[in-house]
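Reviewing the structure listed below.
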Amino acid sequence: MSRIGKKPVAIPAGVTASIDGDQISVKGPKGTLTMPLFEDIAYTLEDGAIAVKPANETKRARAFWGMQRTMVQNLVTGVTDGFSKVLEITGVGYRAAAQGRTLNLQLGYSHHVNFAIPDGIEIKTPDQTTVEITGIDKQKVGQVAAEIRRWRKPEPYKGKGIKYRGEFIFRKEGKKK
């Protein structure tokens with residue numbers, strides 16, 4: 001039994017949810033999100049909450065039960081609060097600047113890296129070494145953060161690179177004579 005899957009997803013005031021056919025859509029103050037329904041899971045709207053239960057007793061249905069409930073919770077959280085990731089840039093001469101729908105990164109290469117910001121994502125640079133990524137879709141926010149981080153992953157000797165805020169970089173000792 002899934003402990004997470006047993007709990008219904010509460011729908012706060014100002015948010016409407018509807019299940020039509022093979023999709024669930026959630027509309028809130030920040031926008032609308034939709035998700036395709038998984039065929040082995042039964043979704044029901046009951047007294048201000050969305051209940052997620054396995055439609056049959058197969059191993060596959062039980063395996064997807066908790067994950068599907070979490071994905072529905074992410075839809076509700078996204079349209080009410082939104083999601084954000086913060087990246088920190090460490091290194092001499094490494095900097096970032098958001099210009100319109102482009103993020104300009106200087107990461108020690110011979111050229112600038114221009115990252116096109118996808119729709120539904122907002123990127124702010126409060127200072128030259130911090131990048132704040134916000135949006136209503138958790139998967140898209142995480143994917144954009146991972147793509148930006150991929151340009152210069154943190155290295156273990158000096159710690160230079162792009163890291164998530166709060167991420168621990170395992171440091172190594174250099175060569176000894």
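Values in this document were obtained by computation on a predicted structure and should not be read as measured data.
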> Between the side chains of Q68 and Y43, does any donor sit under 3.5 Å from an acceptor?
Replying inline: yes
> Could you state the interatomic distance from OG1 (T77) to CD1 (I136), rounded to the nearest 0.5 Å?
Replying inline: 12.0 Å
> Looking just at side-chain N and O atoms, do T130 and D127 make a donor-acceptor pair shorter than 3.5 Å?
Replying inline: yes
> In Å, rounded to the nearest 0.5 Å, how long is the span from CD1 of I162 to OG1 of T90?
Replying inline: 9.5 Å
> At what distance, to the nearest 0.5 angstrom, does CZ of R95 lie from CG of N104?
Replying inline: 10.0 Å
> Between OH of Y109 and OH of Y94, what distance do you get to the nearest 0.5 Å?
Replying inline: 7.5 Å
> So with a 6.0 Å cut-off around NZ of K30, is the heavy-atom count from everything else above 12?
Replying inline: no
>> Are the side chains of V131 and L103 in contact, using a 4.5 Å heavy-atom criterion?
In response: yes
>> Assess whether a salt bridge exists between K160 and E155, defined as any Lys/Arg side-chain N lying under 4.0 Å from an Asp/Glu carboxylate O.
In response: no
> Could you give the distance from NE2 (H111) to CG (L105), rounded to the nearest 0.5 Å?
Replying inline: 11.0 Å
>> Using side-chain heavy atoms (C-beta onward) and a distance below 4.5 Å, is I169 in contact with K163?
In response: yes
> Can the positive tip of R62 be found less than 6.0 Å from the middle of the six-membered ring of F64, inside 45° of the ring normal?
Replying inline: no
> Just wondering, do K6 and W65 contact through their side chains at under 4.5 Å, heavy atoms?
Replying inline: yes
> Taking atom CD of Q73 and atom CE of M71, what is their separation to the nearest 0.5 Å?
Replying inline: 13.0 Å
> Would R149 and E167 pass as an ion pair if we require N to O under 4.0 Å?
Replying inline: yes
>> Let's go through E132 and K124 carefully: what are the C-alpha distance in whole Å and the side-chain angles of both, what is the deciding distance for salt bridge (Lys or Arg N to Asp or Glu O under 4.0 Å) to 0.1 Å, and is it a yes or a no?
In response: CA-CA 5 Å; E132 293 178 357; K124 295 179 189 169; 5.5 Å; no
>> For A98 versus T125, what's the shortest heavy-atom pair and its separation?
In response: N-OG1, 3.3 Å
